[in-house]
Enquirer: 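Have a look at the structure that comes next, please.
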Amino acid sequence: MPRLRPPAPTPPDPATGHWLMKSEPDEFSIDDLERRGTEAWSGVRNYQARNYMRDAMRVGDRVLFYHSSCAEPGVVGLARIASPPRADPTQFDPASAYHDPKSTPGAPRWVLVDVAFERRLRRPVGLREIRRHAAKLAGLALLSPGNRLSVMPVLPAHFDLIVALEDA
DNA sequence: GCCAACGTTGGC
DNA sequence: GCCAACGTTGGC
């Protein structure tokens, strides 16, 4: 078996239809998504994240929109997967920060999906607050040490728990 | 700005 | 195929 990775504490099932996607608000925030309605999620350059988008995401899947690398990291809104995966055009563009010289239109390496705004949370649910519920979130990749995945599966129960915190 | 925890690259 | 060096992510 190629590329077996060490088992996560509780292996999340990628086919659950629930995801968390990170964005740096300085680059693209929940405000931006709300304004635009739908956004092509370009720039993912991590194989594991790509594989989730390419192999496991379905139109209509639910998304926790997460602000990272900012003053108040946390989940700020809800979105939906709005398209099947397709080649990310930025990989072919030499002028793009996401250009990948090893990628060609005939053999694209990176994909994107469209993400559609659903709503903002009534208040942001911060990472610190999510951590306080770690006992009920066993296996959530967001809480594993050194987590750097920008696209990750979330168990439905974990998804619901995090959303419920907006009214806690 | 610092640092831990990764993932990737490339020499061998 | 191994592994050290390097680059990146992301919380603090």
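Here is the naming used below: chain letters follow the sequence lines, and residue numbers restart at 1 for every chain.
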Enquirer: If we ignore angles and hydrogens, is there a donor and acceptor under 3.5 Å between the side chains of A:D93 and A:T90?
Expert: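 No, A:T90 and A:D93 have no side-chain donor paired with an acceptor closer than 3.5 Å.
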
Enquirer: Check whether any side-chain nitrogen or oxygen of A:K22 sits under 4.0 Å from OP1 or OP2 of C:dT9, and answer yes or no.
Expert: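 Answer no for this pair, as no side-chain N or O of A:K22 is under 4.0 Å from OP1 or OP2.
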
Enquirer: Given atom CG of A:L127 and atom P of C:dT9, what is their separation to the nearest angstrom?
Expert: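 It works out to 18 Å between those atoms.
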
Enquirer: Distance check needed: C:dG10 C1' versus A:L149 CG, whole Å only.
Expert: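 Rounded to the whole Å, the gap is 13 Å.
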
Enquirer: Do A:R109 and A:D88 sit within salt-bridge range, that is, some charged N less than 4.0 Å from a carboxylate O?
Expert: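 Not counted as a salt bridge, because no side-chain N and carboxylate O are separated by less than 4.0 Å.
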
Enquirer: The side chain of A:N46 is closest to which nucleotide in this list: B:dG7, C:dG10, C:dG11?
Expert: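 So the nucleotide nearest the side chain must be B:dG7.
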
Enquirer: Using side-chain contact (heavy atoms from CB on, under 4.5 Å) as the criterion, point out the one residue from A:V125, A:L20, A:V76, A:I162 that pairs with A:Y66.
Expert: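 Among A:V125, A:L20, A:V76, A:I162, the one meeting side-chain contact (heavy atoms from CB on, under 4.5 Å) with A:Y66 is A:L20.
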
Enquirer: Starting at CZ of A:R50 and ending at C1' of B:dG7, how long is that distance when rounded to a whole Å?
Expert: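 To the nearest whole Å, that distance equals 14 Å.
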
Enquirer: Any base atoms under 4.0 Å from A:S68, or only sugar-phosphate, or nothing? Heavy atoms, all strands.
Expert: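 Sugar-phosphate: the residue A:S68, judged by heavy atoms under 4.0 Å, touches backbone atoms but no base.
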
Enquirer: Could you give the OH-to-C1' distance, from A:Y47 to B:dG7, as a whole number of Å?
Expert: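 About 10 Å, once rounded to whole Å.
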
Enquirer: Looking only at the side chain of A:K102 (C-beta and beyond, no hydrogens), which of the listed nucleotides C:dG11, B:dT9, C:dG10 gets closest?
Expert: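 Within the option list, the nearest is B:dT9.
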
Enquirer: When all nucleic acid strands are considered with a 4.0 Å heavy-atom cut-off, which category describes A:R131: base, sugar-phosphate, or nothing?
Expert: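 Sugar-phosphate: the residue A:R131, judged by heavy atoms under 4.0 Å, touches backbone atoms but no base.
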
Enquirer: Going by the ring pair (Phe, Tyr, Trp, His ring centres under 6.0 Å) test, name the single residue among A:F159, A:Y52, A:W41 that passes it with A:W19.
Expert: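 By the ring pair (Phe, Tyr, Trp, His ring centres under 6.0 Å) criterion, A:W19 pairs with just one of A:F159, A:Y52, A:W41: A:Y52.
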
Enquirer: In whole angstroms, how far is the C1' atom of B:dA5 from the CG atom of A:N147?
Expert: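 In whole Å, B:dA5 C1' lies 10 Å from A:N147 CG.
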
Enquirer: Transitively linked via ILVMFWY side-chain contacts under 4.5 Å: A:L112 with A:Y98?
Expert: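 Different clusters.
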
Enquirer: Can you identify which nucleotide, out of C:dC12, C:dG11, C:dG10, has its nearest atom closest to the A:Y66 side chain?
Expert: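 For A:Y66, the side-chain atoms sit closest to C:dG11.
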
Enquirer: For A:D26 and C:dG11, give me the distance from atom CG to atom C1', rounded to whole Å.
Expert: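 That distance rounds to 15 Å.
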
Enquirer: Separation of A:Q48 atom CD from C:dT9 atom C1', in whole Å?
Expert: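 Atom CD in A:Q48 sits about 14 Å away from atom C1' in C:dT9.
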
Enquirer: Rounding to an integer number of Å, can you tell me how far A:R45 CZ sits from C:dG10 P?
Expert: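 Result: 15 Å.
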
